[in-house]
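Working notes, beginning with the structure itself.
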Amino acid sequence: MAEILPIKAWRYKEELSQSIDELTSPLFDVVSAKQREALYQNPINSIHLSVPRGDTPADTAADMLQEWKAAGTIVQDPLPGIYVYYQYFRLPGSDREYCRKGFICHIKAYDWNEGMLLRHENTIPSAVNDRIDLLDKTLMNTSATHGLYTDPDFVLERYMDESIQSPLYVTEDYQGVRDVLAVIHDRDVIRHFLAVLESRQVLLADGHHRYEGSLEYRKKRMADNPNHTGMEAYNYHLMYLTNTEADDLRILPTHRVLENIDLTDEEFLERLREYFVVTPKEDAYELNEVIVGKNWAFGLYLSGNAYKLRLKPEVHQQIDWPVPQEVKDLDLTVMHYFVFEKVLGIGREAQRDYPGLSYVRNFTACVSQVDSGKARLALITNDVSMEQVKRVCYSGAIMPQKSTFFYPKTICGFLFSSIKENEFISSDTACF
């Protein structure tokens, strides 16, 4: 069901491959201000293309891209390929080394209503507009979004395992993850990858804003092209695909932090008690532990005081959002409906881009922001399971924004993919 294509990637020239760890960068939505400044000091670090700065960032990135091409800083691979990307990592408190296996390719930028590619989260409009502008000016995908396909037989893994034995790059990234990139040029094997994905739907795991940016750009170009065929380069998007059935696919929780609320602490807690059992806790640093494995349970750190919140089961049926049961049953739906809408009076649509609401992956950082006075409260949540993600996607609905944090994040700088017609491999020429 999903059409994918190999790519002729743009990569740093061979002489720079030994210093690839100095050229990679985190995704634009996870890089901190301090990390940015350090990376910007290197004039050829990939951050200049993925997170450009200046008064007109997209124009700055486009100018930089042309300079790099002209100077031979980046060069286009002569052959189309499927790029195999493995990430080796450990989780806190565990000695097990995981290996998330996947591959990078082009995929058709399907509209959501086509049912080929399914999303599970809302997007924040301002972030999408930035991505459209960057793509429009550079015609280059600087970082792959993360998609999921389901294959319980693992038919592609043996080709990936063989390819990864001859890596192009090996580096350790900002997360402490070992990233390894390899490439498959064999046409028969590439055809096999294309055939396997032809019978699969793809679930979008991470990069909803980047994907939606490509989708909106495709719509814009279609409207301007009376001879549109669907095979033009602007129809495609760069994606990293992994198998949902792999045990090394990890999803971590994303907590909510609010700078301020228009209620006193006492008023806020009193309103919460209408829907939740509110239990004070002595140690804020145990809030993530006391909710583990408990349905509709959250940690609350409010003005230096810790509480465990547990929804009263009988009120769950009050959720009147027009979403299927699979979405109503999610912890984050419960949080966004009862805490944000009912208690704080922030409507569902307003929550998508609400000023002062931030999404924080690190539990300790949540506590620190409240303790430092930068935030009034933090809401701590459990992670979302892969099965929940599947159920929501297949229901045709979406989760609240920033519901999932697929770990580890992919990195930028290993490769870039062009959607300029003379630099693009079409379906006619990809494998034949």
Side-chain angles (χ1 to χ4, degrees), residues 28-29 109-115 117-133 145 203-217 219-220 253-263 267-268 271-272 274-276 296 298 300 309 311 315-361 366 375-381 384 388-389 391-405:
F28 79 96
D29 59 345
Y110 294 104
D111 204 341
W112 305 120
N113 59 20
E114 294 181 72
L117 193 142
L118 308 177
R119 59 179 169 172
H120 70 272
E121 280 187 355
N122 261 321
T123 52
I124 298 171
S126 58
V128 175
N129 293 333
D130 290 345
R131 295 295 101 187
I132 297 171
D133 194 30
T145 55
L203 315 181
L204 191 53
D206 192 31
H208 285 67
H209 296 93
R210 279 167 285 149
Y211 181 81
E212 195 156 310
S214 283
L215 178 57
E216 292 304 314
Y217 179 71
K219 291 177 181 177
K220 172 185 172 183
T254 301
H255 313 298
R256 274 59 174 154
V257 175
L258 260 176
E259 288 182 10
N260 209 351
I261 57 175
D262 294 326
L263 297 169
E267 289 170 337
F268 181 52
R271 291 191 185 185
L272 284 173
E274 184 177 345
Y275 307 103
F276 296 90
W296 306 332
F298 311 97
L300 168 65
L309 309 181
L311 187 74
V315 305
H316 183 262
Q317 61 185 358
Q318 295 179 22
I319 298 177
D320 58 4
W321 286 351
V323 296
Q325 195 64 40
E326 292 88 346
V327 178
K328 290 182 179 180
D329 288 342
L330 295 172
D331 285 349
L332 283 172
T333 301
V334 167
M335 177 197 290
H336 278 262
Y337 181 82
F338 287 105
V339 179
F340 287 99
E341 181 163 295
K342 303 304 287 185
V343 173
L344 295 175
I346 306 169
R348 187 182 177 199
E349 284 303 311
Q351 293 173 24
R352 290 182 62 190
D353 209 2
Y354 188 73
L357 172 61
S358 57
Y359 305 89
V360 180
R361 280 90 183 211
C366 292
R376 177 81 174 279
L377 66 91
L379 287 158
I380 309 303
T381 187
V384 177
Q388 286 177 310
V389 173
R391 286 198 296 270
V392 171
C393 284
Y394 294 139
S395 76
I398 53 178
M399 298 178 176
Q401 64 275 15
K402 301 291 183 183
S403 291
T404 57
F405 180 55

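Put simply, the side chain of Q351 gets close to the backbone of H336: a donor and an acceptor are under 3.5 Å apart. No donor-acceptor pair under 3.5 Å is formed between the side chain of R131 and the backbone N or O of H209. Not a single donor-acceptor pair under 3.5 Å links the side chain of H208 to the backbone N or O of K402. For R256 (side chain) and L379 (main-chain N/O), no donor-acceptor pair under 3.5 Å exists by modelled atom type. Distance alone, capped at 3.5 Å, places no donor-acceptor pair between the R348 side chain and the I346 backbone. No donor-acceptor distance shorter than 3.5 angstrom exists from the side chain of W296 to the backbone of L309, with no hydrogens or angles considered.
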Before you tell me yes or no, could you show the steps for H316 and D329 under side chain to side chain contact (heavy atoms under 4.5 Å, CB included), namely the whole-Å CA-CA distance, both residues' side-chain angles and the distance that decides it to 0.1 Å?
CA-CA 8 Å; H316 183 262; D329 288 342; 3.4 Å; yes

### Query
Do F338 and Q318 pass the side chain to side chain contact (heavy atoms under 4.5 Å, CB included) test, and can you show the C-alpha distance, the side-chain angles, and the key distance before you say yes or no?
CA-CA 9 Å; F338 287 105; Q318 295 179 22; 4.2 Å; yes

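Within the 4.5 Å cutoff, the side chain of Y275 has no heavy atoms near those of the V339 side chain. A heavy-atom distance below 4.5 Å is not found between the side chains of V327 and W321. In this structure, the side chains of F340 and Y354 stay at 4.5 Å or more apart for every pair of heavy atoms. Inter-residue side-chain proximity for L300 and F268 is flagged as met; some heavy-atom pair is nearer than 4.5 Å. Using a 4.5 Å heavy-atom cutoff, the side chains of R376 and L258 are not in contact. Side-chain contact between V389 and M399 is present, with at least one heavy-atom pair separated by less than 4.5 Å.
Once rounded to the nearest 0.5 Å, the distance linking OG of S403 with OH of Y359 reads 9.0 Å. Atoms CG and CG, from L377 and N260 in turn, are 9.0 Å apart once rounded to the nearest 0.5 Å. Taken from CG in L344 to CG in L272, the straight-line distance is 7.5 Å, to the nearest 0.5 Å. Here CD of E212 is found 9.0 Å from CG of D111. Values are rounded to the nearest 0.5 Å.
For the residue pair C393 and R119, the shortest heavy atom distance occurs at SG-O, 3.6 Å. When every heavy atom of C366 is checked against every heavy atom of V257, the shortest pair comes out as SG-CG2, 3.9 Å. Considering every non-hydrogen atom in both M335 and T381, the closest pair reads CE-CB, 4.0 Å. When all heavy atoms are compared, the tightest approach of K328 to T333 is CA-CG2, 3.9 Å. Smallest separation of non-hydrogen atoms from T145 and D206: CB-O, 3.4 Å.
Here K342 does not pair with E274 in a salt bridge; the nearest charged N to carboxylate O distance is not below 4.0 Å.
Environment of CG in N113: crowded, with over 12 heavy atoms of neighbouring residues, nucleotides or ligands closer than 6.0 Å.
Relative ring orientation between Y211 and W112 is described as tilted, the plane-to-plane angle lying within the 30° to 60° band.
Shown are L311, I319, L332, L330; of these, the side chain to side chain contact (heavy atoms under 4.5 Å, CB included) with Y337 is made only by I319.
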